[in-house]
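Proteins come first, then strands; the chains are lettered A, B, ... in the order of their sequence lines, and each starts at number 1. No experiment lies behind these values; they were computed from the predicted model shown.
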Amino acid sequence: MLRDAWLMARKDLRIELASKVTIGQILPFGALVLILFGLAVSPDLTVLGTDRRSVLAQASPGLFWMAVLFAALLTLGRSFAIESADGKLDALRMAGLDPAGIFLGKMLAVTAQLAALEIVLGFGAFVLYNAPLARPLQLIVVVIAATTAITSAGTLYAALGSGLRVRDTLVPLLVLPVLAPVLLAAALSTEAAVFGESSGGWPWTLLLGVFALLYVGVGMLAFGPIMEES
Amino acid sequence: MAPRVVVDLRSAISVINQFPALAGIDLQVTEGEIVLVQGPNGAGKTTLLRLCAGLATLAGGSGTVLDHDLDHAEPRRRLRREAGLLAHETYLYDELTVEENVSFWAEANRVDPTTIDPVLDRLELGERLRGVRVGDLSAGQRRRTSLAVLVCRRPRLWLLDEPHGGLDRAGRDLVDDLIRHAVRFGATVMLASHDLDRATAVATRVVTLAGGRVADSGVRHADVTDDRERPLDERVEDHDAP
Amino acid sequence: MNRTTGSRLTRRLGALAVVTMAIALAFGLVFSPPEVAQRDAVRLMYLHLPTIAVAYLGFFITMVGSIVYLRNGSVFWDLVAGAAAEIGVVFSVFLIVSGALWGKPTWGVYWQWDPRLTSTTVMFLMYLGYLALRRLDLPPDVRSRRAAILGIVSFGNVIIVRYSVQWWRGLHQGQTLGVDTQLDGLMLFSLFLSLVAFLLVAAWLLIHRFRVAWLEHQLTRIGFERALAERRGDLGGGRVGEEAR
Amino acid sequence: MHWEFVIAGYAIVFVLLIAYAAAIVQRGRRLSEQVPENKRRYLD
């Protein structure tokens with residue numbers, strides 16, 4: 001099963017390297033979203049709270065993860081678009097690959113691409129929103145947990161919508177309510193990591209981890225019936 | 001010893017988007033036959049091939065292919081590994097090269113990688129086209145690449161939908177050779193085609209479909225030199241790499 | 001046999017639901033006293049809490065129906081899952097309306113990110129997606145299988161959303177509607193009566209909605225059998241009476 | 001006090017509820033006509 005997963009992941013990443021859609025289109029889109037957030041929330045508004053911090057800096061964790069969420073939707077849509085053209089779903093079924101392997105493989109490929117996006121968008125957010133970085137190590141843990149949470153649920157829901165004409169409108173409607181708690185937890189734990197708050201944000205990061213594990217399991221189980229279509 | 005029955009459909013009904021594409025098919029195909037399935041558009045040719053490949057489900061009647069019962073999901077899954085389907089779609093990733101596509105599908109189907117190169121050469125996809133992106137290929141070259149994947153899988157049941165479509169003369173001869181070669185090594189072939197003169201030359205039986213049912217289950221072609229007449233077990237000995 | 005989805009059962013159940021609802025309204029709006037702090041705004045509680053309960057119950061039935069369908073492919077449970085989800089969504093609209101209208105007099109603002117109202121609104125949007133998936137013109141078994149998977153996973157999400165939002169608002173001492181309401185005996189009774197009334201109405205709706213779904217299912221099957229017969233006709237006669245499964 | 005919110009809430013909810021119920025029954029009636037007698041009811 002892991003062999004199938006690694007095979008699918010390698011194939012997806014090779015397609016990305018050849019076509020450069022994520023790097024060439026989705027990444028600029030993410031950066032654009034970050035900038036638009038900056039325009040929407042004027043930087044010189046200041047927070048009344050304890051230390052003087054601009055609204056933009058205060059909201060930067062949430063805005064960053066919104067941009068990542070949009071980029072993830074596009075990456076997931078792309079990941080399943082390449083399968084549904086030219087009858088490739090039939091060929092995958094004929095090959096008898098383990099459906100759980102296909103799920104893991106697609107998820108790994110999307111996770112890798114999203115991680116690359118997050119590194120660049122992360123720098124962008126720090127620069128644009130001049131947010132501090134109190135605890136970088138914790139931030140890395142948070143990003144890993146949040147990314148897997150997004151891609152595990154995302155891959156399952158993108159598969160539910162795959163092959164449909166209305167895929168581009170249905171998948172966001174299906175997946176965003178599911179990712180609402182992930183956005184919440186990611187923003188709060190990133191806030192703790194970036195501003196070094198006492199509360200530490202660790203419970204939220206734990207929630208992300210549990211969510212990710214849960215959805216990896218559910219995804220592997222559900223992919224069998226999804227692939228089994230007539 | 002009578003040759004084994006590879007496909008055995010009894011009043012099989014199969015539905016595509018709530019339309020009974022197959023409305024009660026009765027068909028028996030024995031091992032080593034090359035059955036041409038002909039009929040007007042919408043007669044159910046493609047659906048019949050997909051049913052025999054284990055991709056379509058039975059809405060009525062019953063059927064077994066390669067001794068796998070079509071009525072249950074598990075046997076259908078096992079059937080898919082032993083059948084090879086070549087349809088209008090090419091199942092290829094445009095962004096990847098010919099070699100990358102064939103090796104991906106070969107590895108997905110647990111095919112021994114060393115057999116890939118001889119197959120590529122056999123289908124004239126060798127040195128020149130190997131590194132070319134599939135997206136940049138002509139229709140004929142794409143079909144030969146799909147054929148290469150199918151040949152690598154060495155299925156026991158070949159299901160070809162318009163195999164000659166989009167190929168030049170040389171390409172069509174190549175398809176006929178591949179079919180005869182496969183049958184000699186114990187495979188069975190079902191092909192759907194409009195190119196009747198070319199297809200009937202290679203076929204051992206012609207089945208006509210109409211309205212999702214078998215109008216005429218075909219006449220045996222006496223003139224085809226019957227390598228199959230030799231007892232089955234003798235033929236199996238000389239089963240070696242193509 | 002009459003020509004509607006009504007039957008003796010639904011007529012009796014309908015009558016009982018109407019009577020109970022009338023009594024519940026009387027208690028809720030007239031007999032029960034205004035609350036100490038909120039004055040009469042508390043009467044919206046008799047609307048908000050029962051509709052939340054029915055919505056959750058509806059989506060729970062969808063999950064159960066989806067599990068049974070995935071296990072044995074019974075059309076009955078697939079249709080029940082779909083009908084229950086639609087009723088859950090309709091009641092979600094009620095809970096959002098009543099929640100927002102209850103929030104205005106109590107907190108001075110229609111939306112103050114009350115944990116319960118926020119999570120039930122996310123639930124509402126999630127199941128709008130479920131209903132959208134069910135309306136797609138896919139082959140029936142493909143659509144039902146995907147809807148079943150969604151039906152099960154979505155209910156899991158309802159719980160995750162519920163607790164993460166509650167945790168989040170708890171962090172910022174956000175208030176939940178009605179948590180600090182002093183409920184005396186009569187108010188509690190009105191709430192209970194209102195819950196029973198709404199459950200009866202929901203049951204009545206579910207039966208009718210299921211029968212509509214069943215009729216639609218039958219229509220597609222009849223359409224299929226007619227297409228099968230026509231298809232047979234192409235060959236001029238041929239065996240008739242091949243009953244499709 | 002606050003009666004306007006209470007009335008608004010109850011009015012909106014019950015109007016929608018009755019409209020939904022009527023829609024289902026009406027759809028049921030229309031569909032019943034197209035389905036032959038023996039196939040109307042679900043009998044296990």
Can you list the residues of residues 11-36 of chain A that sit under 4.5 Å from chain B, counting heavy atoms only? A:Lys11, A:Arg14, A:Ile15, A:Ala18, A:Ser19

Segment of [X] engaging chain A (4.5 angstrom heavy-atom cut-off):
| X | value |
| --- | --- |
| B:Leu79 | neither |
| B:Ala87 | neither |
| B:Arg78 | neither |
| B:Arg133 | neither |

Out of curiosity, B:Glu95 CD to A:Ile82 CD1, how far, rounded to the nearest 0.5 Å? 6.5 Å

Using side-chain hydrogen bond (donor to acceptor under 3.5 Å, both in side chains) as the criterion, list what pairs up with B:Glu82, not counting sequence neighbours. B:His68, B:Arg156

Counting heavy-atom pairs under 4.5 Å with chain A, which one of B:Arg110, B:Arg76, B:Arg77, B:Glu100 comes out on top? B:Arg110

Option in B:Phe104, B:Tyr93, B:Trp105 with maximal non-hydrogen atom pairs under 4.5 Å from chain A: B:Tyr93

Does the B:Arg81 side chain pair with the main chain of A:Ala95, one donor and one acceptor, at a distance under 3.5 Å? yes

